[in-house]
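Report on one structure; see the data block that follows.
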Amino acid sequence: MDVALFIPCFIDACFPQVGVATLELLERLGCSVSYPMKQTCCGQPMANSGCHKDAEATERLFVRNFAEYDVIVGPSASCVHHIRHHLDHLEQTDEVQHVRQNTFELVEFLHDVLKVEAFPWASFPHRIGLHNSCSSLRGLREASMTEIDEPFFSKPKALLEKVAGIEFVTPQRPDECCGFGGTFSVTEAPVSVKMGQDKVTDHHTPGAEYIVSADMSCLMHQQGCAKRMGLDIGFLHIAQVLNGVSEQERAHARG
């Protein structure tokens, strides 16, 4: 399958290893991957703050960069959620609608489109806490929500269960927001920090050695909270675990 790789700007700038892991994983699974070199931010930070007019030029550039591709895949639920559901302020041309309808977050692409059944190259003999971001949970519906009476399902957990050695720990409030919320963590910093501390503690208490998520933005926030709390816990994007994270990367993830 031919795939265009969308790497969010904060991953490109701060966590390039996640972009590399995503590329390697897709290629391991037989995808032919292209990377549009002129891609930048998708416009989410401005749009989330209500600055839709200011976000339009960035959103139009995103569409121009990816309109020629059949499938677009990115390792960030919040960014993909923005592309799919929040490009309403652009004129809904055929190109815009094509990009919106064919952009997938990595987990849903692996689970729903490729239907991956095994990751034979990956092993991760550690206890992990799985963090489903608000965007992945309530926006893209990658897992069931505990506040709704519905049958349990979890696409990221279903994928991680195929990695040898993984043991899951269960936090008391698994679906609670970690407090990042993009610009919310700047405008409401004290509230954001307390929510992040609560989230990290909720994973650390039952014995998580690592917190794994499909949203590196949430992990960036939680990692900062854990470091200041003095907690010995690592943070990894799901792409790194599914791709077969090295010992060096594991050590780096624990700071």
Side-chain angles (χ1 to χ4, degrees), residues 11 14-15 17-22 24-25 28 75-78 105-111 116-137 140 142-146 152-180 195-227 229-255:
I11 289 181
C14 303
F15 305 99
Q17 67 274 20
V18 174
V20 172
T22 303
E24 291 180 348
L25 179 59
R28 282 182 189 267
S76 170
S78 62
E105 193 274 320
L106 179 64
V107 165
E108 60 181 0
F109 182 69
L110 299 179
H111 187 277
V116 181
E117 291 298 331
F119 301 91
W121 51 78
S123 175
F124 198 68
H126 298 283
R127 296 187 303 277
I128 72 163
L130 176 60
H131 171 68
N132 291 318
S133 71
C134 298
S135 294
S136 68
L137 192 66
L140 300 182
E142 291 186 356
S144 54
M145 297 181 283
T146 54
F152 174 83
F153 70 94
S154 174
K155 297 176 185 180
K157 187 175 183 182
L159 294 174
L160 287 167
E161 286 175 336
K162 296 175 172 62
V163 175
I166 278 186
E167 179 183 347
F168 294 92
V169 304
T170 304
Q172 290 186 347
R173 302 188 301 277
D175 296 348
E176 189 171 273
C177 177
C178 72
F180 175 64
M195 293 173 71
Q197 291 173 337
D198 288 348
K199 172 60 70 173
V200 172
T201 300
D202 203 19
H203 283 285
H204 185 263
T205 299
E209 300 171 76
Y210 292 86
I211 297 178
V212 176
S213 178
D215 263 290
M216 202 65 212
S217 52
C218 294
L219 294 185
M220 175 174 63
H221 173 60
Q222 294 176 45
Q223 187 173 33
C225 293
K227 184 175 181 180
M229 295 166 70
L231 297 181
D232 181 21
I233 191 168
F235 297 85
L236 286 166
H237 191 278
I238 192 171
Q240 295 173 279
V241 179
L242 298 179
N243 189 50
V245 60
S246 67
E247 289 293 340
Q248 183 178 6
E249 287 179 298
R250 296 179 203 194
H252 182 265
R254 298 182 74 88

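Computed from a prediction, not measured in an experiment: that's the story for all the values here.
- The line from CE of M216 to OG of S78 is 12.5 Å long, rounded to the nearest 0.5 Å.
- Contact check for I128 versus F168: side-chain heavy atoms found under the 4.5 Å cut-off.
- Judged purely by atom type and a 3.5 angstrom limit, H131 has no side-chain atom pairing as donor or acceptor with the backbone of C218.
- The two residues G179 and H221 make their nearest non-hydrogen contact at C-NE2, 3.8 Å.
- Across all non-hydrogen atoms, the minimal contact from I11 to G19 is CG2-N, 3.9 Å.
- Between F119 and L25 there is a side-chain heavy-atom pair separated by less than 4.5 Å.
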(message) Q17 vs H252, test: side-chain contact (heavy atoms from CB on, under 4.5 Å). Steps then yes/no.
(response) CA-CA 11 Å; Q17 67 274 20; H252 182 265; 4.2 Å; yes
(request) Could you give me the CA-CA distance, side-chain angles and deciding distance for F15 and M220, then say whether side-chain contact (heavy atoms from CB on, under 4.5 Å) is met? (result) CA-CA 9 Å; F15 305 99; M220 175 174 63; 3.8 Å; yes
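- In this structure, the side chains of V212 and I166 stay at 4.5 Å or more apart for every pair of heavy atoms.
- Contact record, V107 with A214: CG2-CB, 3.9 Å, taken as the closest heavy-atom pair.
- Atom CG of L236 and atom CG of L219 lie 8.0 Å apart (nearest 0.5 Å).
- Partners of S133 under the side chain to side chain donor-acceptor pair (under 3.5 Å) rule, at least two apart in sequence or in another chain, are S136, D215.
- Within the structure, every pair that satisfies the salt bridge (charged side-chain N to carboxylate O under 4.0 Å, His left out) test and touches residues 196-206, not counting sequence neighbours, is listed here: K194-D198.
- Here N243 pairs with E24, R28 under the side chain to side chain donor-acceptor pair (under 3.5 Å) rule; sequence neighbours left out.
- For the residue pair E105 and E108, the shortest heavy atom distance occurs at N-OE2, 2.9 Å.
- Using a 4.5 Å heavy-atom cutoff, the side chains of H203 and Y210 are not in contact.
- Atom CZ of F235 sits about 10.5 Å away from atom OG of S213, to the nearest 0.5 Å.
- Nearest heavy atoms, V169 versus P206: CG1-O, 3.8 Å.
- Summarising the geometry, atom CG belonging to D232 is positioned 6.5 Å from atom NE2 belonging to H204; distances are rounded to the nearest 0.5 Å.
- Take T201 and apply the side-chain contact (heavy atoms from CB on, under 4.5 Å) test, not counting sequence neighbours, and it matches T205, M229.
- By the 4.5 Å heavy-atom criterion applied to side chains, R254 and E209 are counted as neighbours.
- Residues W121 and G244 approach most closely at CD1-N, 4.2 Å, considering heavy atoms.
- Atom CD of E249 sits about 5.5 Å away from atom CD of Q240, to the nearest 0.5 Å.
- A side chain to side chain donor-acceptor pair (under 3.5 Å) check over residues 152-162, counting only residues at least two apart or in different chains, returns the pairs D112-K155.
- Screening L106, V241, N132 against P156 for a side-chain contact (heavy atoms from CB on, under 4.5 Å) leaves a single residue, N132.
- Between the CG atom of L159 and the CD atom of E117 there is a distance of 9.5 Å, given to the nearest 0.5 Å.
- Scanning for side-chain contact (heavy atoms from CB on, under 4.5 Å) contacts around P125 gives S123, R250, with sequence neighbours left out.
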